[in-house]
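Everything numeric in this text was worked out from a predicted model, so none of it was measured. Every chain is numbered from 1 and lettered A, B, ... according to where its sequence line falls, protein lines coming before strand lines. In what follows, every heavy atom counts, from backbone to side chain, and hydrogens, waters and symmetry copies are set aside.
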Protein chains: 2
Amino acid sequence: MPGPPWLRQRLTNAGFRLTWPRQVILDVLGQNPQHLSAEEIFFHVHQFYPGIGMATVYRTLDLLTRTGLVFKFDFGDGRSRYELASEAAKGPHHHMICTRCGRIIDFGHSIDEEGELIAALGKELSEKHGFKINSHRIHFYGLCQDCQSSSTEGKR
Amino acid sequence: MPGPPWLRQRLTNAGFRLTWPRQVILDVLGQNPQHLSAEEIFFHVHQFYPGIGMATVYRTLDLLTRTGLVFKFDFGDGRSRYELASEAAKGPHHHMICTRCGRIIDFGHSIDEEGELIAALGKELSEKHGFKINSHRIHFYGLCQDCQSSSTEGKR
DNA sequence: ATAATAATGATAATCATTCTCAATAACTGA
DNA sequence: TCAGTTATTGAGAATGATTATCATTATTAT
Ligand SMILES: [Mn+2]
Ligand SMILES: [Mn+2]
Ligand SMILES: [Zn+2]
Ligand SMILES: [Zn+2]
């Protein structure tokens with residue numbers, strides 16, 4: 001599983017070596033649209049690349065995040081979760097977190113209003129505080145379908 | 001520093017005991033509009049309530065969060081940060097995080113578009129996935145005024 | 001192929017947060 | 001007010017995710 005060629009490019013262009021662990025991790029991320037944690041990625045990678053170490057998974061994930069190939073998220077469950085940037089690129093989206101079971105779903109909305117709102121907020125932020133916005137994230141908290149029946153809220 | 005009376009109410013009404021540590025923590029949060037971390041809160045509380053233990057700070061913060069008196073945030077610096085809910089109540093706001101120095105500023109916007117957008121997204125989320133949104137958070141990432149001059153991005 | 005050195009793997013070390021449990025302080029009702 | 005019942009606390013150990021070390025190995029340029 002050498003992983004997509006465009007990804008190798010990004011790495012070598014950025015001056016990083018194209019190693020086996022990196023390719024495999026990238027590949028695992030590519031085949032799993034979910035938001036995997038470092039440990040989950042470790043297990044997957046371990047399947048066809050045994051010798052891998054957790055440290056390498058973390059280092060690689062950090063490198064990929066810094067390079068912009070991967071997005072790092074914190075959904076409040078105590079561990080970071082990662083998502084291939086190209087995945088998000090094919091349609092920016094936000095996330096909905098179920099406060100009961102922790103489920104996370106990508107929410108690739110079709111509302112166009114967002115662009116305007118963000119632009120307006122960005123302008124305001126810039127004028128009032130001199131900030132320059134580069135990106136934003138919206139998290140929705142609530143109950144997923146399954147959890148709506150068996151109510152009695154939970155954490156967060 | 002007994003702390004606001006309305007807060008005591010909330011605690012006793014919820015069936016919790018009105019203890020000295022709780023009142024002091026609540027008071028510290030009330031006097032510090034910033035987004036304090038558990039450790040920072042611990043130091044402040046420690047000033048006029050020495051014997052306090054970190055465990056109690058965490059436990060209390062968790063209790064207050066679960067009770068809805070306090071909001072818990074994760075701005076990506078590796079530690080949770082807290083904010084008195086009443087503070088947010090007097091004007092809901094979002095946060096801007098500087099990706100260079102980590103500074104966080106409350107962004108109490110005056111744009112009204114947000115309500116509509118969120119409503120629209122909520123409707124879509126409900127129809128497509130059966131989710132029921134209870135709240136949402138928007139984080140803006142970028143550079144604060146001070147960090148815009150000395151460029152060369154940073155983390156996250 | 002060889003040299004130069006970035007990357008890895010095993011492991012120890014951090015750090016924030018949680019758990020354990022005996023001691024203590026809040027509430028209750030007499 | 002006082003004793004009884006328990007929630008709460010404080011100290012310290014324990015946990016769990018993430019980082020740092022460092023000798024060994026793999027990648028890349030020559
Ligand atoms: Mn996603
Ligand atoms: Mn705030
Ligand atoms: Zn759920
Ligand atoms: Zn800054």
Quiz prompt | salt bridge (charged side-chain N to carboxylate O under 4.0 Å, His left out) contacts in which one or both residues fall within residues 12-24 of chain A, not counting sequence neighbours | solution = none

Quiz item: How would you list, by chain and number, every residue that makes a salt bridge (Lys or Arg N to Asp or Glu O under 4.0 Å) with A:Asp62, sequence neighbours excluded?
Solution: A:Arg66

Quiz item: How many Å lie between CG on B:Asp74 and P on C:dT17, as a whole number?
Solution: 9 Å

Practice problem: Return the set of residues passing salt bridge (Lys or Arg N to Asp or Glu O under 4.0 Å) with B:Arg79 (not counting sequence neighbours), or none when no residue passes. | Solution: none

Quiz item: Considering residues at least two apart in sequence or located in another chain, which fulfil the ring-ring contact (aromatic ring centres under 6.0 Å, His included) criterion with B:His35?
Solution: B:Phe75, B:His95

Quiz item: Within the side chain of B:Gln148, is there an N or O that forms a donor-acceptor pair under 3.5 Å with the backbone of A:Gly130?
Solution: yes

Self-check item: Length of the line joining B:Met54:CE and C:dC19:P, which is rounded to integer Å
Solution: 15 Å

Quiz prompt | ring-ring contact (aromatic ring centres under 6.0 Å, His included) partners of B:Phe140, counting only residues at least two apart | solution = B:Phe107

Quiz item: When all nucleic acid strands are considered with a 4.0 Å heavy-atom cut-off, which category describes A:Ser80: base, sugar-phosphate, or nothing?
Solution: sugar-phosphate

Quiz item: 5' to 3' on DNA chain D, which nucleotides open and close the contacts with chain B (atom under 4.0 Å from a heavy atom)?
Solution: D:dT6 to D:dG12

Side-chain donor/acceptor pairs under 3.5 Å, residues 45-60 of chain A, sequence neighbours excluded:
from    : atom 1 : to      : atom 2 : distance (Å)
A:Thr56 : OG1    : A:Arg59 : NH2    : 3.2
A:Thr60 : OG1    : A:Thr56 : O      : 2.8

Quiz item: Excluding sequence neighbours, so at least two apart, what forms side chain to side chain contact (heavy atoms under 4.5 Å, CB included) with A:Thr12?
Solution: A:Leu18

Quiz item: Under the side chain to side chain donor-acceptor pair (under 3.5 Å) test, which residues partner B:Glu124, sequence neighbours left out?
Solution: A:Ser110, B:Lys128

Self-check item: Minimum heavy-atom distance A:Thr67-A:Arg10, with the two atoms named
Solution: O-NH2, 3.6 Å

Quiz item: Separation of B:Phe42 atom CZ from C:dT17 atom C1', in whole Å?
Solution: 14 Å

Self-check item: Rounded interatomic separation in angstrom, taking CG from B:Asp62 and C1' from C:dC19
Solution: 13 Å

Quiz prompt | Pairs flagged by salt bridge (charged side-chain N to carboxylate O under 4.0 Å, His left out) wherever residues 31-55 of chain B is involved - sequence neighbours left out | solution = B:Glu40-B:Arg81

Quiz item: Bend angle of the helix from C:dA1-D:dT30 to C:dA30-D:dT1 from five-pair axes at both ends, rounded to 10°?
Solution: 50°

Exercise. On DNA chain C, check which nucleotide each of B:Arg79 and B:Leu18 is closest to and give me the residue with the more 5' one.
Key: B:Arg79

Quiz item: Want to settle it: does B:Thr12 or B:Arg81 sit nearer the 5' end of DNA chain C, counting the closest nucleotide to each?
Solution: B:Arg81

Please write out each protein N/O paired with an N/O of nucleotides 4-10 of chain C under 3.5 Å, distance rounded to 0.1 Å.
from  : atom 1 : to      : atom 2 : distance (Å)
C:dT5 : O2     : A:Arg17 : NH1    : 3.3
C:dT5 : O2     : A:Arg17 : NH2    : 3.2
C:dA6 : O4'    : A:Arg17 : NE     : 3.4
C:dA6 : O4'    : A:Arg17 : NH1    : 3.4
C:dA6 : O4'    : A:Arg17 : NH2    : 3.1
C:dA6 : N3     : A:Arg17 : NH1    : 3.2
C:dA7 : OP1    : A:Arg17 : N      : 3.3
C:dA7 : OP1    : A:Arg22 : NH1    : 2.9
C:dA7 : OP1    : A:Arg22 : NH2    : 3.2
C:dA7 : O5'    : A:Arg22 : NH2    : 3.4
C:dT8 : OP1    : A:Thr19 : OG1    : 2.9
C:dG9 : OP1    : A:Tyr49 : OH     : 3.4
C:dG9 : OP1    : A:Gly51 : O      : 3.4
C:dG9 : OP2    : A:Gly53 : N      : 3.4
C:dG9 : OP2    : A:Thr56 : OG1    : 2.7
C:dG9 : N7     : A:Arg59 : NH2    : 2.6
C:dG9 : O6     : A:Arg59 : NH1    : 3.1

